Amino acid sequence: MNFVNIYCTYMISFESDYNNGAHPQVMQHLVETNAEPTATYGFDVYSEQAKQKIRMACGTPDAEIFFLMGGTQTNATVIDGMMRSYEAVVTIDSGHINVHEATAIEASGHKVIALPGYDGKLAVAELDNFMRAFMNDGSREHCAQPGMVYISFPSEYGTIYSKDEIARLYAACQQYSLQLYIDGARLGYALASPANDVTLPWLASHCDAFYIGGTKVGALCGEAVVFPRGNAPKSFFSIIKRHGALQAKGRLVGVQFDALFSNNLYFDISAHAIPSSWTLPPISSLW
């Protein structure tokens with residue numbers, strides 16, 4: 001057996017739930033509630049139940065929660081809603097909004113400022129250096145004004161920010177009057193990783209907004225945006241509508257999150273995606 005054949009034996013898939021339907025319990029809840037008339041635009045009982053369950057899981061009783069359909073739609077809507085028209089969002093060169101969202105952020109008039117990343121993560125020193133240079137630039141009023149920092153947890157490379165790294169980034173954001181927004185499309189996977197030391201309540205207390213990804217973790221579609229301290233932008237419902245992101249049958253996502261946040265399902269699905277051990281032999285043993 002040659003090197004290639006041996007390593008093919010140990011191939012690991014890094015695909016997500018995008019190539020699957022819904023978890024059976026999520027689908028069952030959709031079917032069970034299908035014939036029941038409910039209020040529209042996300043004001044149905046199941047969406048309200050899901051929001052309350054998410055508040056409890058996050059330890060944020062005052063959180064404002066909104067359900068959207070997909071990740072790019074969520075990022076574009078939240079970033080545009082949280083920032084003023086002349087503000088820019090800071091991320092790293094491999095950040096999803098910088099590379100794989102087809103200028104969705106720029107389309108609403110917000111520049112994406114990309115800094116060098118390290119193992120897929122934004123280092124606080126890099127942010128600090130950038131902001132110091134910006135503040136000392138005599139022509140800064142002619143430039144796009146940094147208003148937000150965007151990170152993904154886990155990162156686009158699959159790496160995970162530690163508590164210390166997020167805490168230091170959040171402190172730097174507060175120092176420079178920047179908002180910290182966390183893309184949680186794969187949040188469940190990060191929380192389930194043995195390398196992770198961050199809990200959902202801790203994360204909620206160390207950012208200005210984040211979202212809990214459902215599409216990649218057991219749902220047919222849907223993301224839950226969390227403003228942990230009731231700090232949603234004014235008229236955010238209208239901002240969602242303006243972005244074409246308001247679903248008349250808002251229950252479609254609410255019902256799914258109601259199921260995902262019942263009986264620990266979201267976290268069980270996430271844990272299932274994490275290998276319990278790595279059995280790949282050392283390269284030296286394959287020659």
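Model, not experiment: these values are computed from the prediction. What you see below is based on every heavy atom in this structure, not just the backbone, and it leaves out hydrogens, waters and symmetry mates.
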Exercise for review: Indicate whether the side chain of Thr40 and that of Lys249 have a donor and an acceptor atom separated by less than 3.5 Å.
Suggested key: no

Practice item. Identify the two heavy atoms, one from Ala204 and one from Cys58, that lie closest to each other, and give their separation to 0.1 Å. Key: CB-O, 4.0 Å

Practice item. May I ask you to check whether Tyr211 and Phe66 place their ring centres under 6.0 Å from each other? Key: no

Check your understanding: Is there a side chain to side chain contact (heavy atoms under 4.5 Å, CB included) between Val149 and Tyr170 once you walk through the steps?
Key -> CA-CA 9 Å; Val149 168; Tyr170 190 40; over 6 Å; no

**Study point:** For the student: nearest non-hydrogen atoms of Ala50 and Asp258, plus distance
**Key:** CB-N, 3.5 Å

Exercise for review: With sequence neighbours excluded, tell me which residues meet side chain to side chain contact (heavy atoms under 4.5 Å, CB included) with Glu32.
Suggested key: Gln28, His29

Exercise for review: List the steps and the verdict of salt bridge (Lys or Arg N to Asp or Glu O under 4.0 Å) for Asp62 and Arg229.
Suggested key: CA-CA 6 Å; Asp62 298 324; Arg229 288 169 291 282; over 6 Å; no

Exercise for review: Report yes if the distance between the aromatic ring centroids of Phe153 and Tyr189 is under 6.0 Å, otherwise no.
Suggested key: no

Practice item. Evaluate the criterion salt bridge (Lys or Arg N to Asp or Glu O under 4.0 Å) for residue pair Asp80 and Arg242; output intermediate values, then yes/no. Key: CA-CA 11 Å; Asp80 185 37; Arg242 178 175 179 268; 3.2 Å; yes

**Study point:** Residues Phe236, Phe227; criterion ring-ring contact (aromatic ring centres under 6.0 Å, His included); working and verdict
**Key:** CA-CA 11 Å; Phe236 191 65; Phe227 295 99; 5.2 Å; yes

Review point. Side-chain donor-acceptor pair under 3.5 Å between Tyr150 and Ser152, yes or no?
Key: yes

Review point. Under a 4.5 Å side-chain heavy-atom rule over Ile, Leu, Val, Met, Phe, Trp and Tyr, are Met148 and Met131 clustered together?
Key: no

Review point. Do the non-hydrogen side-chain atoms of Tyr161 and Leu169 ever get within less than 4.5 Å of each other?
Key: yes

Practice item. Answer yes if the side chains of Tyr46 and Glu36 hold a donor-acceptor pair under 3.5 Å, and no otherwise. Key: yes

Exercise for review: Run the numbers on Asp268 and His272 for side chain to side chain contact (heavy atoms under 4.5 Å, CB included), then give the verdict.
Suggested key: CA-CA 6 Å; Asp268 289 343; His272 182 72; over 6 Å; no

Review point. Minimum heavy-atom separation for Arg251 to Thr33, with atom names?
Key: NH2-O, 2.6 Å

Exercise for review: Group every Ile, Leu, Val, Met, Phe, Trp and Tyr by side-chain heavy-atom contacts under 4.5 Å, then state whether Ile79 and Phe210 land in the same group.
Suggested key: no

Point to revise | Residues Glu106, Lys111: salt bridge by 4.0 Å N-O rule | key: no

Check your understanding: When hydrophobic residues are tied together by side-chain contacts of less than 4.5 Å, even through go-betweens, does Ile240 share a cluster with Ile54?
Key -> no

Review point. Can you list the steps and then say if Tyr41 with Phe67 is a ring-ring contact (aromatic ring centres under 6.0 Å, His included)?
Key: CA-CA 10 Å; Tyr41 297 112; Phe67 296 121; over 10 Å; no

Practice item. Determine, step by step, whether Leu265 and Val26 satisfy the side chain to side chain contact (heavy atoms under 4.5 Å, CB included) criterion, reporting the C-alpha distance in whole Å, the side-chain angles of both residues, the deciding distance to 0.1 Å, and the verdict. Key: CA-CA 9 Å; Leu265 181 60; Val26 173; 4.2 Å; yes

Practice item. Report yes or no: do Leu180 and Met82 belong to one cluster of Ile/Leu/Val/Met/Phe/Trp/Tyr joined by side chain heavy-atom distances under 4.5 Å? Key: no

Review point. Under 4.0 Å between a Lys/Arg side-chain N and an Asp/Glu carboxylate O for Glu87 and Arg84?
Key: no

**Study point:** Pair Ser162, Asp164: side-chain N/O donor-acceptor within cut-off below 3.5 Å
**Key:** no

Check your understanding: Under 6.0 Å from the NZ atom of Lys163, do we count more than 12 heavy atoms belonging to anything else shown?
Key -> yes

Practice item. Run the numbers on Leu252 and Leu30 for side chain to side chain contact (heavy atoms under 4.5 Å, CB included), then give the verdict. Key: CA-CA 8 Å; Leu252 173 62; Leu30 283 166; 4.2 Å; yes

Point to revise | Which atom of Glu223 lies closest to which atom of Met69, heavy atoms considered | key: OE2-O, 3.6 Å

Exercise for review: Group every Ile, Leu, Val, Met, Phe, Trp and Tyr by side-chain heavy-atom contacts under 4.5 Å, then state whether Leu203 and Val226 land in the same group.
Suggested key: yes

Review point. Do Asp119 side-chain atoms and Lys121 backbone N/O form a donor-acceptor pair below 3.5 Å?
Key: no

Practice item. Please report the closest heavy-atom contact between Phe261 and Lys53, naming both atoms and the distance. Key: O-CD, 3.5 Å

Review point. Has the side chain of Asn231 got a donor or acceptor atom that lies under 3.5 Å from a matching backbone atom of Asp208?
Key: yes

Practice item. Verify whether one side chain among Asn75 and His96 offers a donor that lies under 3.5 Å from an acceptor in the other. Key: no

Practice item. Indicate yes or no for a side-chain donor-acceptor contact from Thr159 to the backbone of Ser155 under 3.5 Å, with no hydrogens or angles considered. Key: no

Point to revise | Partner of Ile105 by side chain to side chain contact (heavy atoms under 4.5 Å, CB included), out of Thr91, Asn98, Val89 | key: Val89

Exercise for review: Could you tell me which residues satisfy salt bridge (charged side-chain N to carboxylate O under 4.0 Å, His left out) with Asp183, sequence neighbours excluded, listed by chain and number?
Suggested key: none

Exercise for review: Quick one: pull up CD1 in Ile212 and CD1 in Ile65 and give me the separation to the nearest 0.5 Å.
Suggested key: 7.0 Å

**Study point:** Smallest separation among heavy atoms of Ser139 and Cys143, with atom names
**Key:** O-SG, 3.7 Å

